[in-house]
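Right, one structure below, let's go through it.
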Amino acid sequence: MNDGTPEDPTEFGSDFTYQVEADDAGKRLDAVLASRLDTLSRNRIQALIKSGDVTAGGRKIVEPKYRVNEGEVLTLSLPEPEDPEPQGEDIPLTIVYEDEHLIVIDKPAGLVVHPGPGNWTGTLVNALIHHCGDSLSGVGGVKRPGIVHRIDKDTSGLLVVAKTDQAHQGLSAQFADHGKTGPLERAYAAIVWGAPSSLKGTVDANLARSQANRQKIAVVKTSGRHAITHWQVKERFGPEGEPAVASLIECRLETGRTHQIRVHMAHIGHPLVGDDDYGAGFKTKINRLPEPLKGVVAGFSRQALHAGLLAFAHPITGETMRFESSYPADFNELLLALRKF
């Protein structure tokens, strides 16, 4: 998310462990780790191997080209970042709910959730550190907000963030469980090109970093991470009697992988409007639209995705918390223009 919950086990100062399966036996160490870790580039993994942060069968391995063996236990220790902790910044926030344990934010499109390369400042984390101040009692021993799920920079909508270590652990467990045994719900509104032939369906397709472009995610037949998206058509747009130009889809996540909804909808032939990464081939459709719709779609500068529903059990009280977010102005303008077509 990202349009969902990134669940990569690699956080600064933590370990990732993987026992080599038969399909990976004989492959390069760096390639195997890259296929299992969505958040780290292969170059970053190679650097970690060379710096002695990876072991195989308890032995430190410093050669990225080392060939792994079936049953061998690989351990990657991600060291603490050398960059300083994020600083608080006075960035306006739309707060939906807040207590001493957690805070629910309605994130605008364009706001990055967590500091990272190219975005060390101006993020949601910077804003929360400033807003929460001393009410952050510490996550992992540091006064910082506990991010348990993320949505992409250009996706708008609801996020819950922990303010205490106990809340962080409780929320993390719910997101790891994907709502199988609790009230966790995540629903997104997406405007996609065209219209599926049926009114609802499920995409069950593993996801992994694209081998062609490590900044993108791709559907893979083997390996990768299990990903399931349930979708339902809410509206179809276009002249009566003709194929729909676009549709409003509700997507519910059974898993939360990086770019999950965007990749899954593109996989079934209906990428999100405005998604230059996964729907670039559909941009020519804009030129065939009449005005003023053509201008509205051309001016929509992000993927048409909004995290409109979030429900979870309060990690301390156990109470079911349920929040809904209205469409932001740009999303609503796009919908209104499509409805007039």
Side-chain angles (χ1 to χ4, degrees), residues 1-2 4-82 116 140 147-150 168-169 171-181 184 202-229 253-260 263-264 267:
M1 175 161 349
N2 49 67
T5 309
E7 298 167 290
D8 296 333
T10 50
E11 295 181 356
F12 293 126
S14 67
D15 291 346
F16 166 70
T17 300
Y18 166 62
Q19 187 168 17
V20 178
E21 298 172 358
D23 289 348
D24 285 331
K27 294 181 180 179
R28 287 174 55 121
L29 175 61
D30 57 345
V32 171
L33 289 175
S35 70
R36 297 286 167 175
L37 296 170
D38 286 347
T39 55
L40 299 178
S41 68
R42 189 160 174 174
N43 286 341
R44 174 66 170 139
I45 288 171
Q46 289 173 344
L48 289 169
I49 295 171
K50 292 176 182 178
S51 63
D53 293 306
V54 175
T55 61
R59 296 178 297 115
K60 186 176 292 186
I61 305 295
V62 294
E63 287 293 335
K65 63 183 180 181
Y66 170 80
R67 301 289 175 173
V68 302
N69 303 297
E70 183 178 357
E72 201 167 35
V73 176
L74 310 179
T75 301
L76 181 151
S77 298
L78 193 61
E80 294 288 343
E82 296 179 0
I147 304 298
V148 294
H149 68 130
R150 305 182 196 184
H168 186 250
Q169 292 176 30
L171 288 170
S172 294
Q174 291 184 61
F175 279 91
D177 182 61
H178 308 306
K180 295 174 184 175
T181 60
L184 181 71
T202 296
V203 183
D204 185 343
N206 287 13
L207 301 176
R209 286 284 171 187
S210 168
Q211 294 301 307
N213 182 346
R214 297 293 296 175
Q215 301 303 312
K216 296 172 65 174
I217 305 298
V219 168
V220 292
K221 293 183 178 180
T222 58
S223 70
R225 311 193 71 196
H226 194 207
I228 299 177
T229 303
L253 298 178
E254 190 170 317
T255 57
R257 312 302 185 195
T258 302
H259 298 181
Q260 179 174 318
V263 178
H264 273 176
H267 179 63

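Values below: all heavy atoms of this structure, side chains included; hydrogens, waters and symmetry mates excluded.
Using a 4.5 Å heavy-atom cutoff, the side chains of Lys50 and Val62 are not in contact. Within the 4.5 Å cutoff, side-chain heavy atoms of Gln46 are placed close to those of Arg28. No side-chain heavy atom of Thr55 sits under 4.5 Å from any side-chain heavy atom of Ile61. In this structure, the side chains of Tyr66 and Val54 stay at 4.5 Å or more apart for every pair of heavy atoms. Within the 4.5 Å cutoff, the side chain of Lys65 has no heavy atoms near those of the Asp30 side chain. Residues Val20 and Leu74 are in side-chain contact: their nearest non-hydrogen atoms beyond the backbone lie under 4.5 Å apart. At least one side-chain heavy atom of Leu37 sits less than 4.5 Å from a side-chain heavy atom of Leu76. The shortest side-chain heavy-atom distance between Gln174 and Thr181 does not fall under the 4.5 Å cut-off.
Distance check, rounded to the nearest 0.5 Å: NE2 of His259 to NZ of Lys216 gives 10.5 Å. The distance from atom CG of Leu48 to atom CZ of Phe16, rounded to the nearest 0.5 Å, is 12.5 Å. The line from CD of Gln19 to CD of Glu70 is 9.0 Å long, rounded to the nearest 0.5 Å. Considering CD1 of Ile217 and NE2 of His264, their distance stands at 11.0 Å, rounded to 0.5 Å. Here the NE2-CD1 distance, from His168 to Ile147, works out to 8.0 Å after rounding to the nearest 0.5 Å.
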Evaluate the salt bridge (charged side-chain N to carboxylate O under 4.0 Å, His left out) criterion for residues Lys180 and Asp177: first the C-alpha distance (whole Å), next the side-chain angles of each, then the deciding distance (0.1 Å), finally the verdict. CA-CA 6 Å; Lys180 295 174 184 175; Asp177 182 61; over 6 Å; no
Report the C-alpha distance between Asp53 and Ser77 in whole Å, list the side-chain angles of each, state the deciding distance to 0.1 Å, and finish with yes or no for side-chain hydrogen bond (donor to acceptor under 3.5 Å, both in side chains). CA-CA 5 Å; Asp53 293 306; Ser77 298; over 6 Å; no
Run Arg36 and Asp24 through side-chain contact (heavy atoms from CB on, under 4.5 Å) and show every step you take. CA-CA 11 Å; Arg36 297 286 167 175; Asp24 285 331; 3.2 Å; yes
What do the steps show when you test Val203 against His267 for side-chain contact (heavy atoms from CB on, under 4.5 Å), and what is the final call? CA-CA 9 Å; Val203 183; His267 179 63; 4.3 Å; yes
Between Thr229 and Thr202, is a side-chain contact (heavy atoms from CB on, under 4.5 Å) present by the stated rule, with each step listed? CA-CA 6 Å; Thr229 303; Thr202 296; over 6 Å; no
Take Arg59 and Glu72 through the side-chain contact (heavy atoms from CB on, under 4.5 Å) test and state the conclusion after the steps. CA-CA 10 Å; Arg59 296 178 297 115; Glu72 201 167 35; 3.7 Å; yes
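For the pair Asn206 (side chain) and Ser223 (backbone), a donor-acceptor distance under 3.5 Å is present. In this structure, Arg257 contributes its side chain and His226 its backbone to a donor-acceptor pair below 3.5 Å.
Among all heavy-atom pairs drawn from Thr17 and Val73, the shortest one is CG2-CG1, 3.4 Å. Across every non-hydrogen atom of Arg42 and Ala31, the tightest pair is NH2-CB, 3.6 Å. Taking each heavy atom of Gln260 and Leu253 in turn, the nearest pair found is NE2-CD2, 3.4 Å.
With sequence neighbours left out, Glu254 forms a side-chain hydrogen bond (donor to acceptor under 3.5 Å, both in side chains) with His230.
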